[in-house]
Every structure is written in structure tokens, then in C-alpha cells.
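Both backbone and side-chain heavy atoms feed into the values below; hydrogens, waters and symmetry mates do not. Just so we're on the same page: letters track the sequence lines, and every chain starts at 1.
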Protein chains: 4
Amino acid sequence: MARLGANQYGKAEIRLMKVDRGSERHVLHDLNVSIALAGEMKEVHRRGDNTVVLPTDTQKNTAFAFAREHGVGEIEEFASLLSRHFVDSQASIHRARVHIEEYAWERLGTAPHSFAQSGREVRTTTVTYDGRGHRVLSGLTGLVLLSSTGSEFRGFAKDRWTTLAEASDRILCTSVDATWRHTGQANDWGKSYAAARAALVEAFADTYSRSLQQTLYAMGERVVSSVPGVAEIRLSLPNRHHFLVDLQPFGLENPGEVFHVDDRPYGLIEGTVLADDAGEDAEAW
Amino acid sequence: MARLGANQYGKAEIRLMKVDRGSERHVLHDLNVSIALAGEMKEVHRRGDNTVVLPTDTQKNTAFAFAREHGVGEIEEFASLLSRHFVDSQASIHRARVHIEEYAWERLGTAPHSFAQSGREVRTTTVTYDGRGHRVLSGLTGLVLLSSTGSEFRGFAKDRWTTLAEASDRILCTSVDATWRHTGQANDWGKSYAAARAALVEAFADTYSRSLQQTLYAMGERVVSSVPGVAEIRLSLPNRHHFLVDLQPFGLENPGEVFHVDDRPYGLIEGTVLADDAGEDAEAW
Amino acid sequence: MARLGANQYGKAEIRLMKVDRGSERHVLHDLNVSIALAGEMKEVHRRGDNTVVLPTDTQKNTAFAFAREHGVGEIEEFASLLSRHFVDSQASIHRARVHIEEYAWERLGTAPHSFAQSGREVRTTTVTYDGRGHRVLSGLTGLVLLSSTGSEFRGFAKDRWTTLAEASDRILCTSVDATWRHTGQANDWGKSYAAARAALVEAFADTYSRSLQQTLYAMGERVVSSVPGVAEIRLSLPNRHHFLVDLQPFGLENPGEVFHVDDRPYGLIEGTVLADDAGEDAEAW
Amino acid sequence: MARLGANQYGKAEIRLMKVDRGSERHVLHDLNVSIALAGEMKEVHRRGDNTVVLPTDTQKNTAFAFAREHGVGEIEEFASLLSRHFVDSQASIHRARVHIEEYAWERLGTAPHSFAQSGREVRTTTVTYDGRGHRVLSGLTGLVLLSSTGSEFRGFAKDRWTTLAEASDRILCTSVDATWRHTGQANDWGKSYAAARAALVEAFADTYSRSLQQTLYAMGERVVSSVPGVAEIRLSLPNRHHFLVDLQPFGLENPGEVFHVDDRPYGLIEGTVLADDAGEDAEAW
């Protein structure tokens with residue numbers, strides 16, 4: 001009658017704060033950890049036999065205990081540690097995927113123990129372990145970038161339903177959601193992340209944009225060509241429309257000064273850029 | 001140096017209300033339409049050449065104009081119409097995917113023109129057209145179901161980090177996110193949707209649950225075995241934990257009466273159920 | 001240098017589910033309880049002396065324990081019980097305010113233990129107790145109403161910045177946020193709530209609307225004039241704009257059929273309606 | 001039967017971006033403007049007579065046109081300008097209240113036209129004009145602060161429902177929502193804002209906290225005593241609980257290192273601090 005297809009289960013959104021108190025100046029690791037396990041799960045689905053089901057509550061406990069035992073460090077490392085643990089310790093688990101979001105804090109001046117949360121931007125990782133090796137993705141989400149000039153949109157296809165005027169000078173604004181795939185282990189995940197973030201920002205600022213697609217490609221190309229060990233990047237860029245307000249009814253010109261920031265609908269540009277010599281690796285995603 | 005991989009672009013979240021005024025009793029179609037087009041997009045990414053880029057603004061206009069010209073009807077039909085249009089009318093577009101959410105309204109008594117929005121539950125469809133045929137998914141999201149008894153969780157795997165007590169009578173609560181794939185065109189999409197929704201709800205209510213995985217499978221099996229033309233269903237079921245409050249410090253028993261509803265973390269159970277004779281169709285998703 | 005002004009503290013958003021298991025057919029009370037206490041709090045603010053500070057954690061425990069000891073019943077009663085408790089048992093607490101949101105569930109068919117969450121609409125109460133008596137507010141939020149005709153907006157004031165065209169037939173849509181004040185204790189809070197909700201909905205459906213202000217007043221007047229014991233109602237009605245889409249560029253008329261549902265900005269109409277003989281009671285709010 | 005009480009209406013959440021292009025280095029003003037007007041509004045409520053109703057659409061137009069004509073500058077000034085305009089130009093409008101949120105952007109390096117949105121923190125103002133003078137509030141919301149030590153909670157009141165253990169070293173974390181009232185016009189609103197923000201942050205970091213109330217008072221006192229022209233400040237501080245995870249079941253100590261960040265319920269501490277010589281001014285709020 002029916003059969004089980006792909007499936008996974010786990011604990012999502014474990015909100016974990018680790019304070020490193022090793023020195024007078026504390027360091028924070030503020031994480032949101034999500035775990036998904038897959039394996040021989042037929043019996044639990046078909047008969048409710050939980051014999052091989054490690055509770056999601058246990059997965060949560062493990063995340064907290066590992067933070068204490070091993071520290072957190074870079075999120076790619078912590079996700080690698082956790083994902084390997086579940087596969088290596090539970091015979092029925094064949095694949096573990098751990099996704100972590102990290103929220104940034106900045107020290108208040110020189111205060112050793114006081115912090116302010118910085119930015120909307122979130123650093124991410126997704127590590128998949130299948131018993132043989134780790135596949136590591138890094139990324140960021142919520143980085144909102146804007147160019148107040150240096151962007152146009154012209155020469156596009158037109159059909160019966162096209163009313164959009166060509167724009168030779170517009171605001172370009174997007175919230176960057178980017179995930180990149182590593183070919184192996186980085187020497188220093190924090191340094192690698194900083195380099196990728198810088199490449200994204202610099203390519204956005206450098207590129208005279210004829211379309212958001214062009215900007216997306218430029219950002220992706222910059223990352224895969226300048227950050228060692230990055231094979232592929234996937235970008236999802238909403239076009240946060242800033243519409244020039246028509247002030248002519250009030251006898252006013254509006255030379256690129258006053259805009260209405262619109263919520264919906266929005267353009268959504270999604271694309272992948274690969275290093276020239278990189279293969280695909282569908283299982284990493 | 002770098003090459004372009006998979007990519008698509010389009011207008012997302014077009015909020016469209018269509019009022020059928022054909023009779024005294026108006027009918028509402030309250031939609032959120034998202035369009036994604038893919039095709040020969042190398043030049044726009046690499047050089048900013050927009051020659052084959054149909055603006056996302058045009059896509060929005062098309063959705064509104066088609067609602068007027070053709071009506072909306074069932075969302076699977078409207079998504080099919082829109083997706084075919086973009087591929088058939090633009091040589092450079094090879095695949096169009098249209099995702100629609102529909103919000104339900106109920107008539108206020110017998111009032112012909114007055115309505116209240118009903119429920120958090122949203123009906124969805126995703127239609128993919130590649131020039132040869134339509135692949136149609138239907139679904140729903142935000143349907144929150146709860147059993148106040150008839151659920152247990154026992155006999156699970158235990159390791160060093162397991163502290164969870166076995167539960168012989170617990171609250172089971174989830175917010176159903178389900179998407180099912182049709183083998184072809186339904187005779188009546190509305191009827192098919194109603195049957196799938198009923199199957200999900202009835203299987204949830206009928207199943208004595210030894211785990212949420214078992215409930216998921218029962219829900220999926222019910223749909224693929226009872227709704228004609230459904231080949232596959234994918235379910236994502238968060239376990240909305242209701243924790244029994246320990247009232248012993250206050251000298252009170254708590255025999256399954258008072259619970260704390262927790263936000264995070266939550267268990268997340270994801271699974272696919274296929275009809276016995278169904279093949280996979282990765283391109284539909 | 002400085003002095004302390006008005007202040008209060010408490011536990012907010014205690015998510016409490018109470019299952020009445022007294023009969024085979026379970027009954028759910030799904031609440032979000034927020035408690036705010038005020039009194040002699042100078043020393044804690046100025047010196048961190050917690051002697052008279054009942055922990056917010058204790059307040060949470062009390063809500064759970066009272067749900068077990070006394071049951072929940074109508075939210076106005078549960079809020080009255082809780083607010084009285086804190087003032088009567090803690091000499092330093094002079095005023096307690098308890099706000100409760102209740103989420104509705106509907107039984108799945110005739111199933112005794114299975115439910116679906118119904119609607120976006122939330123029933124609310126705020127009870128203030130000051131040692132002498134209770135002030136009781138009831139309300140609802142998130143009730144989204146729409147009229148597809150029977151609404152106009154004409155004859156309004158115009159100035160240099162007015163471009164809006166007069167509308168003789170428009171969609172009127174709002175999300176009702178209403179709070180009403182009782183003169184004393186209702187005999188049956190559930191019945192009183194149902195009457196107020198019905199009055200709001202019926203006045204909305206009955207009123208030919210020349211402005212949302214007129215609709216607001218009609219809704220408020222219906223409640224204070226038809227629901228026994230209601231002295232005052234405060235309504236906050238966002239105007240959820242549905243803009244007629246201009247289809248003329250495509251050679252199409254649009255006789256009130258296709259609308260764009262806009263997010264922001266939105267009109268916001270706020271008003272109070274009092275029963276003719278009612279006084280004000282600022283301390284209730 | 002019924003009578004109209006307090007009421008106001010206006011356009012809410014006008015999302016306005018003003019780009020100052022006066023020099024090579026652009027400057028952004030990214031605002032969310034909400035306008036509320038009150039006056040002789042009986043006839044529109046009772047009879048739908050819109051004669052004195054200036055459309056909310058016109059209010060929106062006015063905000064955009066004024067941004068072009070007068071520039072935006074400091075949000076307190078822009079809100080003052082707008083609020084005065086409506087009262088002075090419409091005889092039937094007796095009071096205008098303009099609330100503005102401003103979102104911060106930081107320049108990308110030395111790029112003249114490229115920016116990243118900074119932080120979750122939002123600067124706010126509310127200006128009320130009644131035909132005689134302006135009442136000005138400034139504020140901020142969404143500033144998340146944390147101390148990883150230097151906070152305790154002991155010596156509190158205990159009753160039958162108290163189970164909380166005393167804490168001699170805990171994490172203190174809050175999201176600051178603060179609004180302060182000016183006695184008149186500041187010389188430099190931006191400088192005044194920076195001083196108030198610095199006072200809040202420094203008092204948070206400086207204060208050894210025996211309770212969040214004490215921290216609240218210290219923050220408020222610092223503002224009213226150090227920022228010229230500030231008469232009063234109102235603070236709303238949720239206690240974002242970080243609970244120490246019990247790792248004893250796993251044979252691990254947890255000396256203030258691993259915490260679970262909880263969502264709900266949360267403590268909520270609200271208080272007002274006034275300058276010693278300041279009176280109240282209810283109409284400002």
C-alpha cells in the first residue's frame with residue numbers, strides 16, 4: 001500500500017550560551033543548534049517501535065554536555081563533533097546533520113563581562129557526517145546591504161504585460177543569505193569565515209550593477225576565487241525594492257532622494273557559483 | 001575561475017485578492033503568489049546583459065492580469081496557467097515554478113459580502129512546468145493538531161546522556177506542514193484537497209501514538225492510500241512539547257492536567273511516504 | 001538627583017495548558033498568562049534590597065498551581081483569582097494586574113481527545129486588583145473581517161498633498177483589536193464574551209461604511225448598547241488596504257475584481273465608545 | 001445610548017528612505033513614520049461625514065513631500081515639523097502625534113554609496129503637538145545587553161509557591177526599550193541621543209546587579225542626571241533568562257559556563273525614573 005521514503009528526526013533550535021571564563025575577559029558563544037538524524041527508522045514509523053530511537057531530548061542534553069566537555073570554539077568544529085558522535089555511537093544512525101546559527105556579541109568598551117548583541121547578521125554552518133567523512137557548509141544570513149547609486153536596470157525583455165520603466169540610477173538593497181561548501185577542513189574556520197564575508201561585502205560594493213543577478217554572480221565568484229578551500233556558494237538575494245516616490249503632483253522633482261521602501265512583493269534572485277574545478281556534492285546540502 | 005550553477009529568479013509574495021462578483025454572493029480568492037523562472041541566464045549573471053530577463057515586475061503584472069482574464073479558481077489551475085505562460089512565451093525560459101498560498105475566509109452568517117478570515121491553516125500548491133508537462137504539488141501548512149491523551153513514548157534507545165523518563169500518557173501536539181505530489185491532473189482539485197486534509201486529520205485522531213514518527217507515517221499512508229492520484233507525501237511535524245508541570249513541591253499531584261507549553265527546542269520529525277507503485281520525481285520538488 | 005516613578009514587575013507570557021479530564025470528553029484551556037505587580041518597590045530599585053520582591057519565578061509557579069487547585073474556567077475568573085492572591089498575600093504588593101490570552105481549539109468531529117487549533121483570533125482579559133475590588137476588561141484580537149462591497153470613502157478634506165481619488169465601492173478589511181470594560185462581575189463571562197463578539201461582527205456586516213471611523217463607532221455602540229454590564233469599549237482598527245489594480249495598460253477593465261493587498265503603510269483608526277451613563281475608569285486600563 | 005470617547009486616526013508605518021546626495025558621500029535616513037491625528041471627529045464616527053477627515057493617504061504623501069522639501073535631519077525635528085503641519089493647516093485637528101523609528105546603516109569602509117544595516121537597535125521619537133507647543137520623547141528599542149557575571153538574585157520574598165534557588169552569580173541579559181522625555185528643545189538631538197544611549201550602556205556595565213530593578217533604576221538615573229534637558233525616562237526590561245544547565249547527571253560540573261537561553265515566560269521589569277525637579281507630563285506619552 002505504502003512505503004517509507006527519505007526521513008530524518010532530531011531536536012531543533014537548542015538555544016545554547018557557552019561562556020568561556022578561562023580568563024578575566026569572558027568570551028561568549030551564543031548558538032542555536034539543530035540536529036537531524038537518519039538511519040534505520042522503518043520500525044518506528046510502521047509500528048511505533050522506538051528501540052533505535054535516541055530521544056531528541058537526549059540530543060539536546062548531548063549538545064549541552066559537549067559544550068561543557070569540549071568547549072564550543074568555531075561552530076564548524078562543534079557541529080563536526082556532534083554529528084560524528086551520533087553516527088559513531090548509535091549503530092542505527094547512518095547520517096547526522098547539525099545546523100548551527102551563531103549570534104554575534106561585541107564587548108562594551110573594555111568591560112571584561114559586559115556585551116551588546118551586534119547586528120542582525122547570523123553566522124551559520126551545516127555539517128553532515130555519514131560515517132566516512134564530514135561535509136561542511138558555512139554561511140551567513142541577514143546581512144543587509146545597500147547601494148544608493150551605481151545600480152541600473154535596463155535593456156530587459158518586454159512583453160504585453162511589461163510596464164516597468166528602465167532605470168538608469170536606482171537603489172539596490174538586499175538581505176544576503178549565503179552558504180558555501182568547503183572541499184575539506186579549513187585551517188582556521190574563523191579566518192575563513194571572515195574572508196568569505198569580506199569577499200561578499202567587497203564584491204557588492206565594487207560592482208556597478210546592471211542587475212541583481214550580475215551582483216550575485218560577482219559576489220559568488222569573489223568568494224570561490226579568493227577564499228581557499230571553497231568549492232561552491234549558493235546565494236539567495238531578495239530585491240528589497242526602494243521605489244522612487246512620484247512628487248510631481250506636489251510640484252517637486254525627486255532626483256533619487258525620497259524612496260518608499262516596499263515590503264511585498266519582492267524580486268528573489270537565487271544562484272549558485274562554483275569554482276572552476278569543483279564538482280557537485282548534492283549530499284552536503 | 002568560476003562558473004554558474006543552478007539559478008532561478010522571479011517575483012515572490014504577490015499578495016492578490018480576487019473577488020468573484022458574478023452573483024450576489026461574492027466569493028474570495030486570497031492568494032500569495034511566488035514565481036521562479038529558470039533558463040538561459042548566463043549572460044545576465046556574467047555581464048549584466050538583461051536581454052532575456054523578463055522583469056519580476058512584469059511577472060507581477062501578469063499574475064494580476066491573468067486573475068482578471070481567466071479567473072483564479074483552484075490554485076493548482078492558476079499556478080499551472082501561469083507557469084505554462086512564462087515558458088511558452090519566453091524562448092529563454094525553460095522552467096517556471098509557481099508557488100501559491102491561499103488564505104481561507106468564511107462567510108459571516110448569510111451575509112453576501114462580509115467575511116471573517118478563518119484559521120491559521122494555509123492551502124498551498126507548487127506547480128513546475130518545463131515545456132513538456134506540469135508537475136503538481138498540493139499541500140497545507142499551519143494546521144495545529146493536538147491529542148490530550150492516547151500518546152506515549154517508551155522503549156527508546158538510551159545512552160550516557162539520556163535523562164528523559166518514559167511517558168505512558170502525554171500530550172501530542174504538532175503543526176502539520178504537508179506537501180503531496182499528484183501523478184497527473186485531478187478532476188477536481190478542491191475535492192482532492194478536502195480528501196487529503198480529511199485523511200491527515202482522521203489519521204491523526206485515529207492513531208494511538210507510540211511516537212510522532214508513527215503518527216507521521218499513519219498520516220502519510222492514509223493520504224497516499226485513500227486520495228486518488230497522490231503518489232507521494234512529505235510531512236514535517238514539529239513536536240510542540242507540552243511538559244507536565246511538577247507540582248509536588250506544592251503538595252499537589254498533576255495527573256495529566258497542567259502543562260507548560262514550551263517554545264524551543266522542539267523535536268522535528270520529517271518523513272516521506274510513497275504509494276507502493278509510485279516512482280520518485282525529484283524535479284517536482 | 002532622581003526619583004522613582006510608576007513601576008511594576010512580573011512574569012510575562014506563561015504558556016499554560018490545562019486539560020480538564022473530568023469526563024471522557026476532555027476540555028482544553030490554552031492560555032498565555034502575564035502578571036504585573038506594583039507596590040512598595042523603592043528599596044529594590046535604589047539599593048537592590050529584594051526583601052519584598054516575590055520572584056517572577058514564584059508567580060509562574062503560582063499560575064500553574066492555581067490551575068491545578070482551582071481549575072481555569074473562564075479567563076476573567078482565573079485572572080481575578082490570581083490578581084487577588086498576590087495583593088492579599090503580600091503586604092508590599094498594592095496592585096496586581098493579570099493579562100491572559102486564550103487560544104481556541106475545536107474538537108475533531110466527535111473525537112473525545114483530539115483537537116485542531118481554530119483561528120487566529122485570541123480572547124483576552126486584563127484584571128486589575130488593588131485590595132478593594134477587581135476591574136475587569138475583556139477583549140479579542142486578531143479577528144480579521146472583510147466586506148467586498150458596501151464601503152465607500154468620499155467627501156473628505158483635501159489639501160495640496162491630496163491625490164487620493166474618491167472611492168464609491170471599495171474593499172474594507174480590518175483586523176479587530178477590541179477591549180471592553182465591565183461595570184462589575186458578569187454572571188457568565190463566556191456568554192458575555194460571545195455576545196460582545198457577535199455584536200462586533202454583526203455591526204461590521206450590517207453597516208454600510210462611509211469610513212472606517214463610522215464602522216468603528218457602529219461596532220462599539222452595538223457592544224455597549226447590547227451587552228449587559230459593558231461600560232466602555234476601545235477599538236483599534238488597522239485599515240488593511242486592498243488597492244484596485246490598474247489593468248488598463250493591458251486593455252482590461254477591473255470592476256472591483258482584482259486587488260493588491262498591501263502591507264504598509266496602513267491606516268490606523270482608534271476610538272473609544274462609552275455607554276451613555278458610563279463614567280471613565282482610567283485605572284482599569 | 002452611546003457616546004464617543006478618546007479617538008485618533010492616521011497613517012501608520014510609512015517606510016521612507018531619504019538619501020542625502022548633497023556630497024559625494026551619500027547619507028541615509030531610513031525611517032518608519034506613524035502619524036495619529038485627533039480633533040473634532042464626532043460627525044465622521046456617528047454619521048460617516050468625512051468633511052474634516054484628511055485622508056491617511058494624504059498624510060503619507062505629506063511625509064514623502066516634506067522629506068524632499070525640508071530634508072529629514074534628526075528625527076525629532078522631522079516629527080516636530082510634521083506634527084505642527086497637520087494642526088496648523090487643518091482647523092479640525094487639535095493634536096498630532098508623530099512617531100518615528102530610525103534604522104541605522106554603517107558605511108562599508110570608505111565606499112561613498114555602499115552601506116550595511118547595523119544592529120537590531122532602533123532609535124525612536126514621539127512628538128506631540130497641540131497647537132501651543134511640542135512635547136518631545138526620544139528613545140531606543142532592541143538594544144540587547146548582557147553581563148556574564150556581576151549579577152545575583154538573593155534575599156527575596158518566599159511563599160508556599162517559591163522554589164527558586166538563590167543565585168550568587170548569574171547571567172543578566174535584557175533587551176532595552178527606553179523612552180525619555182525632554183523638557184524642551186535640545187540644541188543637538190543627535191548628540192543628546194548619543195549621550196543617553198551611552199549613559200544606558202555605561203550604567204548597565206558599571207552596576208553590580210542585585211536585581212534587574214536595581215539595574216533599571218541605575219540606568220534611568222544615569223540618563224536623567226547626566227543628559228541635559230531630560231526630565232523623565234521609562235524603561236521596559238525583559239529578563240532574558242539564561243538558565244544554568246544541570247550537568248550532574250552526566251558527571252559534569254557547570255561552574256557558570258553552559259546555559260539554556262529560554263524564550264518564555266520571561267520576567268518583565270518596567271519602571272520610571274524622574275529628575276528630582278521634574279514634574280509629570282501625561283500628555284507627552
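- For the pair A/Arg160 and B/Glu69, the salt-bridge criterion is met [side-chain N within less than 4.0 Å of a carboxylate O].
- Here the CD-OG distance, from B/Gln8 to A/Ser236, works out to 9.0 Å after rounding to the nearest 0.5 Å.
- Ranked by heavy-atom pairs shorter than 4.5 Å toward chain B, the options A/Arg234, A/Glu221, A/Glu270 are led by A/Glu270.
- Counting only heavy atoms from C-beta outward, the side chains of A/Asn32 and B/Arg264 approach each other to under 4.5 Å.
- Interface remark: B/Gln90 contributes side-chain atoms only to the contact with chain A (heavy atom separation under 4.5 Å).
- The side-chain heavy atoms of A/Tyr9 and B/Gln213, taken from C-beta on, include a pair separated by under 4.5 Å.
- The structure places CD of A/Gln214 at 11.5 Å from CZ of B/Arg46, a figure rounded to the nearest 0.5 Å.
- One distance of note links CG of B/Asn7 with CG of A/Leu235; it measures 11.5 Å at 0.5 Å rounding.
- One finds the NE2 atom of B/His241 at 4.5 Å from the OG1 atom of A/Thr56 (value rounded to the nearest 0.5 Å).
- What you find for B/Gly5 and A/Leu274 is that their closest heavy atoms are CA-CD1, 3.8 Å.
- For the set B/Leu237, B/Asn61, B/Thr215, the entry with the most heavy-atom pairs within less than 4.5 Å of chain A is B/Asn61.
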Original post:
Is there a side chain to side chain contact (heavy atoms under 4.5 Å, CB included) between A/Leu4 and B/Tyr217 once you walk through the steps?
Top reply: CA-CA 8 Å; A/Leu4 182 65; B/Tyr217 188 78; 4.0 Å; yes

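- Considering only heavy-atom pairs separated by less than 4.5 Å from chain B, the leading option among A/Ala157, A/Gly48, A/Ser211 is A/Ala157.
- Nearest heavy atoms, A/Thr163 versus B/Asp57: OG1-OD2, 3.7 Å.
- Contact of B/Asn239 with chain A is not made at all, since no heavy-atom distance falls under 4.5 Å.
- Ranked by heavy-atom pairs under 4.5 Å with chain B, the list A/Ala275, A/Pro55, A/Gly267 is led by A/Pro55.
- At least one donor-acceptor pair closer than 3.5 Å links the side chain of A/Arg3 to the backbone N or O of B/Ala278.
- A/Asp263 does not touch chain B: none of its heavy atoms, backbone or side chain, sits under 4.5 Å away.
- Summarising the geometry, atom CG belonging to A/Leu164 is positioned 6.5 Å from atom OG1 belonging to B/Thr58; distances are rounded to the nearest 0.5 Å.
- At a 4.5 Å heavy-atom cutoff, the contact between A/Lys11 and chain B is made by backbone and side-chain atoms alike.
- Between the side chains of B/Tyr266 and A/Glu13, at least one donor-acceptor pair of N or O atoms lies under 3.5 Å.
- For the pair A/Phe153 and B/Asn50, the minimum side-chain heavy-atom distance is below 4.5 Å.
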**OP:** Begin with the C-alpha distance, continue with both residues' side-chain angles, and end with the deciding distance and a verdict on ring-ring contact (aromatic ring centres under 6.0 Å, His included) for A/Phe66 and B/Trp161.
**Re:** CA-CA 10 Å; A/Phe66 274 37; B/Trp161 292 275; 5.5 Å; yes

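- Comparing B/Ser225, B/Pro265, B/Ser92, B/Pro238 by how many heavy-atom pairs each has under 4.5 Å with chain A, the most go to B/Pro265.
- When the candidates B/Val273, B/Leu216, B/Val224, B/Asp277 are compared by the number of heavy-atom contacts under 4.5 Å with chain A, B/Val273 comes out ahead.
- Residue A/Met41 holds its CE atom at 10.0 Å from CD1 of B/Ile269, rounded to the nearest 0.5 Å.
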